[in-house]
Amino acid sequence: MEPPEDTQSPEAALIVANKYYKEKQYDRALQLFRRAAEAGIGEAAVSMGLMYAGGLCGLPKDIARAVSWYRKAAQLGDTAAQKALKRLAR
């Protein structure tokens with residue numbers, strides 16, 4: 001399923017992904033979070049990490065993938081990702 005045209009920018013994809021997530025349209029949310037994260041939006045990469053860490057949105061629980069997304073977000077300067085990495089290191 002192709003997302004709406006207004007999600008072509010990574011920033012717009014993040015906004016729409018959050019909307020879909022709140023509406024429990026997880027397939028659409030996941031697709032847009034991934035697009036925004038791969039384009040360098042730290043908040044979206046954190047969302048991907050959270051989904052893998054918790055096995056949310058139909059994803060399997062996968063700590064290694066969660067860490068990978070958190071690292072990407074941390075490299076982008078996202079402090080939530082840095083905190084998540086510290087929690088996982090304990």
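The residues of the chain are indexed from 1 along the displayed sequence. Only this structure's heavy atoms are used, side chains among them; waters, hydrogens and symmetry mates stay out.
Residues passing the side-chain hydrogen bond (donor to acceptor under 3.5 Å, both in side chains) test with K19, sequence neighbours excluded: E23. Contacts of D27 classified as side chain to side chain contact (heavy atoms under 4.5 Å, CB included), with partners at least two apart in sequence or in another chain: none. Listed by chain and number, the residues in a side chain to side chain contact (heavy atoms under 4.5 Å, CB included) with A29 are Y20, Y21, F33 (sequence neighbours excluded). Under the side chain to side chain contact (heavy atoms under 4.5 Å, CB included) criterion, L50 pairs with V46, Y70, not counting sequence neighbours. In this view, Q75 satisfies the side-chain hydrogen bond (donor to acceptor under 3.5 Å, both in side chains) rule with no residue, not counting sequence neighbours.
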Can you give me every donor-acceptor pair (side chain of residues 57-69, partner residue at least two apart or in another chain, under 3.5 Å) with its distance?
residue: D62; atom: OD1; partner: A64; partner atom: N; Å: 3.2
residue: D62; atom: OD1; partner: R65; partner atom: N; Å: 3.0
residue: R65; atom: NH1; partner: Y52; partner atom: OH; Å: 3.3

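Atom-to-atom distance recorded for L32:CG and I15:CD1 is 11.5 Å, nearest 0.5 angstrom. Once rounded to the nearest 0.5 Å, the distance linking CD1 of I41 with OG of S9 reads 8.0 Å. If you take CZ on R35 and CD on Q8, they are separated by 5.5 Å, rounding to the nearest 0.5 Å. Here CG of L14 is found 4.5 Å from CD of E43. Values are rounded to the nearest 0.5 Å.
Closest heavy-atom contact between A44 and A36: CB-CB, 3.6 Å. Of all non-hydrogen atoms in A81 and A74, the two that sit nearest each other are CB-N, 3.6 Å.
Sorted by first then second residue, the salt bridge (Lys or Arg N to Asp or Glu O under 4.0 Å) pairs that include residues 71-84, not counting sequence neighbours, number zero.
When hydrophobic side chains of Ile, Leu, Val, Met, Phe, Trp and Tyr are connected at separations under 4.5 Å, L76 ends up as a singleton with no cluster partners.
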